[in-house]
Protein chains: 2
Amino acid sequence: MPVRKAAATGPHVLRRMNVAAVLAALREGDTPTARVTDLASLTGLSRPAVTRALTELRDCGLVEFTAAAGPQQLGRPAQYARFRAESGHVAGVDIGAHKVLVVIADLAGQVLATHRAAVDEGAAGPQLFATVRAALTAAVAEAGVPLSSLWAVSTGTPGIVDRERGEVLLAPSIPDWAGLPAVSLLRDWLHCPVSIDNDVNLAVLAECWRGAAAPTGAGSGTDTRTDCLVFVQWGRRIGTGIVINGRPYRGNSAAAGELGFIDLVGDPDTRPGPRPADGMGPFERLVGAEAIHRLALEAGAPVGDAHDIAPLFAAAAAGDRAAVEAVERVAARFARGLAVLLLVLDPGRVVIGGGVSRAGDTLLGPVRRHLRSHTLVPVELNASVLGERAVAMGAVRHALDVAEERVTTTHQGVR
Amino acid sequence: MPVRKAAATGPHVLRRMNVAAVLAALREGDTPTARVTDLASLTGLSRPAVTRALTELRDCGLVEFTAAAGPQQLGRPAQYARFRAESGHVAGVDIGAHKVLVVIADLAGQVLATHRAAVDEGAAGPQLFATVRAALTAAVAEAGVPLSSLWAVSTGTPGIVDRERGEVLLAPSIPDWAGLPAVSLLRDWLHCPVSIDNDVNLAVLAECWRGAAAPTGAGSGTDTRTDCLVFVQWGRRIGTGIVINGRPYRGNSAAAGELGFIDLVGDPDTRPGPRPADGMGPFERLVGAEAIHRLALEAGAPVGDAHDIAPLFAAAAAGDRAAVEAVERVAARFARGLAVLLLVLDPGRVVIGGGVSRAGDTLLGPVRRHLRSHTLVPVELNASVLGERAVAMGAVRHALDVAEERVTTTHQGVR
DNA sequence: CAGATTTACTAACGGAGCATTCGTTAATAT
DNA sequence: ATATTAACGAATGCTCCGTTAGTAAATCTG
């Protein structure tokens, strides 16, 4: 029988609490350095207690003392403590069918290097894994830190992921990727916590952290203005990532946010036919990139070949009548589906990512307008500003959370 | 600038932590009483530390020592500590348009009294408030405890609620109820924390706690098997309460779970007409109790007058052809709407409440069948077993959480 | 029935952490 | 050069924990 309340088995518990509190105050303070007095008033501790905690943190390598930065105040100059964000690093890896993107950041979340590696069309799992290894090696080299400096690595990949076991269960777009024990291979190689998650779940974390209209204060955790943020990946397929109370919400079977499979159209009394073999959902077939391309063609609006729909939005922005009409229909359809999500979740903010979101306000303006007639409360709707880097940045955010654990519990800094 | 990590400003913090841990171990243990040795091994503390904590709790009146209950073991008989659940009580109040239901429970969640008061049709706010006061007075009298014994009171009411300010913003079904400062009036009267919430948000808490297929162990908190549980109120109107990680999820504007307003039907390219004046949403008009009544009439299935749809389900259960067909259509329509909720939230369990749920598996069987063709993962779907008491029981659960705060932080037991 | 055995409670001791207090140090201002 | 200011460092007292030794109250055994 587990007990939920933790018991304090000695004064050393106090020590750990206060070390953690001092470190948190130092990291979350609005200045990069802080005096002992500042930390004492922030934490409510006495000066000697703060000094003790800082000494311990300095011995761990997590804190260093510097001279005064600005003009000297009256009296004896104070020691300024600084969190050594460079004492550890994290990596966020976006493993996609076409590219591998690695972002290296220090413990403060400052990005040190970004490395992009193209993946050959149709490359299989083992080859992809080799690319990931090479990209990680190159990225840490660019950042100028050793591999052993990595405290946590998070990866994001499309498909269905078993986070507990660290395996990909289903990845239709990458042959032989599912079932590859990528996480344990990386863990054995790097000797640090490695995790894997669905790419959209990480993208939403990134939008929460550094995305559109998010607070820009360095070191601030996640967006606190909203209880809930939704990221909609709008491309050929449609999926959503959901953040509730600053943490990704995945549902009971890791199947939350499957907006692409909602079925809006048709008579309520006819039963649905058999599922098509392409694995796409009704809503994806209605307003996915392919559907938009087809719809534009039918309307006589300009489009590129394959599934290139950029010309449609360019033409609409320029005032082309047919293009504007087509965009209007796309927006109306999408708004009806998105409205369902908003009615259920009532998020404070929605961020649209994926290829279609590159159309920007040409498309999102009409979507906002249509939304108003379907929803009860207004919602902030923006295109993603992180673009291609969203997943890797979200992975960095998650890796930072894992590293945080190590910082606050064991203080295992590296000298 | 607030600091997130709490600092320990002295050894007394240890004391508080350990008192809380001992109390938690005592309350969550599988036996109603526990020996000092048991608590020591449960908490990881030493025997003297547990004794010290228990002494403090006894002085507060929260714990008492009793003799051994069962057969004597070898050696000196141990003192058995028991949590005095009767040292405080909570009340859960369901304030509806037709009734006020008060449930009194002790600190262990044991129900001591249930009092129901009918409310006259069209009774206005002030009169309703007087009924609440009278019902509370009667309920505590039935439970045999004084009003001053109430540690927390939670109320649930239909409509839109501002929980921060403790006011009802909109309550279409009860005249002059919105704007009445009911919470502060109750607080001034009872001198204890009083809160108000939407009724469905409380009902879902109750289902999580004591509902269908929930763990029945006394004193256990909330259902831990599922990350997410959804309660669908299916009556004339349709609304949902959502619990995520054991806490009600209300969304950014307290407008989450508005399933009644989703719009499934119709061509995706036509704009919706103006909203009807009755304030009902598209889905409510499609499968609400009124719609079911109308649908049954059209199909020639038996129904009662007004909006009584019980005969329809009785006939369907008996095998009446027209009734079965009508129920099938209702189930198909409802399943399509519910599927949207499931695709977005992926809950582990869904509980159906409200008047329509009284049809039981006659209706829910077909709903389950239709759901399978709309969703990706299977879900547990059950009718509520709490029925009319769901909201009041959820209010009790919430009041217990508030009381818990007082127990674990200030130990202000009453001798 | 008396002693051994088992088990649990009680008291005293040492260690660790925090707050408080006092003296010291290193700057600036006069 | 002296006064002032503000921060550092060491010493003291308090409270909490765990440990250990001693005592009390039952059952079991001869």
Side-chain angles (χ1 to χ4, degrees), chain A residues 5-23 25-26 31 33-59 63-82 411, chain B residues 3 5-23 25-26 33-59 63-82 411:
Chain A
K5 295 275 179 196
T9 60
H12 58 95
V13 175
L14 292 185
R15 187 70 177 260
R16 289 164 62 102
M17 287 176 64
N18 288 343
V19 169
V22 167
L23 189 59
L26 179 57
T31 55
T33 61
R35 298 174 303 171
V36 175
T37 313
D38 302 333
L39 295 173
S41 70
L42 277 171
T43 57
L45 293 169
S46 65
R47 232 195 318 272
V50 173
T51 305
R52 271 190 293 271
L54 284 177
T55 306
E56 185 166 326
L57 286 168
R58 188 201 51 193
D59 295 343
V63 159
E64 69 179 5
F65 293 104
T66 67
Q72 180 57 48
Q73 302 287 354
L74 205 67
R76 176 173 174 172
Q79 294 187 64
Y80 283 77
R82 187 184 74 86
H411 316 308
Chain B
V3 174
K5 296 273 179 194
T9 59
H12 58 95
V13 176
L14 291 184
R15 190 67 178 263
R16 288 164 60 109
M17 286 176 65
N18 288 343
V19 169
V22 167
L23 189 58
L26 180 58
T33 61
R35 298 176 302 172
V36 174
T37 313
D38 303 332
L39 295 173
S41 70
L42 277 171
T43 55
L45 293 169
S46 66
R47 232 195 315 273
V50 173
T51 305
R52 274 190 289 267
L54 284 177
T55 307
E56 185 166 327
L57 286 168
R58 188 201 49 194
D59 294 344
V63 159
E64 70 178 4
F65 293 104
T66 66
Q72 180 59 45
Q73 302 284 357
L74 204 68
R76 174 174 173 172
Q79 294 187 64
Y80 283 77
R82 188 184 74 86
H411 315 307

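Labels below follow one simple rule: chain letters A, B, ... track the order of the sequence lines, proteins then strands, and each chain is numbered from 1. All figures in this text were calculated on a predicted structure; none of them were measured in a lab.
Legend: residues meeting salt bridge (Lys or Arg N to Asp or Glu O under 4.0 Å) with A:Arg47, ordered by chain and number and at least two apart, are absent. Residues passing the salt bridge (Lys or Arg N to Asp or Glu O under 4.0 Å) test with A:Arg82, sequence neighbours excluded: A:Glu64, A:Glu86. With sequence neighbours left out, A:Arg52 forms a salt bridge (Lys or Arg N to Asp or Glu O under 4.0 Å) with no residue at all.
Within the 4.5 Å cutoff, side-chain heavy atoms of A:Leu14 are placed close to those of B:Val13.
In plain terms, the two heavy atoms of B:Thr9 and A:Gly44 that are nearest each other are CG2-O, 3.6 Å. When all heavy atoms are compared, the tightest approach of A:Ala21 to B:Ala6 is CB-O, 4.0 Å.
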Task: Per-nucleotide protein contact string for nucleotides 12-20 of chain C (B base, S sugar-phosphate only, - none; heavy atom under 4.0 Å) - done: ---BBBBBB
Open item on the list: How would you summarise protein contacts on nucleotides 23-30 of chain C per nucleotide, using B for base, S for sugar-phosphate only and - for none, with heavy-atom distances below 4.0 Å?
Closed with: --BBBSS-
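Rounded to an integer number of Å, the gap from OH of B:Tyr80 to C1' of D:dA26 is 13 Å. Rounding to whole angstrom units, CZ of residue B:Phe65 and C1' of C:dT10 are separated by 13 Å.
Between A:Gln79 atom CD and A:Thr33 atom OG1 the span is 12.0 Å, to the nearest 0.5 Å. Note that OH of B:Tyr80 is 5.0 Å distant from CZ of B:Arg35, once rounded to the nearest 0.5 Å. How far OG1 of A:Thr55 is from CZ of A:Phe65: 5.5 Å, rounded to the nearest 0.5 Å.
When each of B:Val36, B:Leu39, B:Val50 is paired with B:Leu45, the side-chain contact (heavy atoms from CB on, under 4.5 Å) condition holds for B:Val50 and for no other.
Between its opening and closing five pairs, the helix from C:dC1-D:dG30 to C:dT30-D:dA1 changes axis direction by 10°, a value rounded to 10 degrees.
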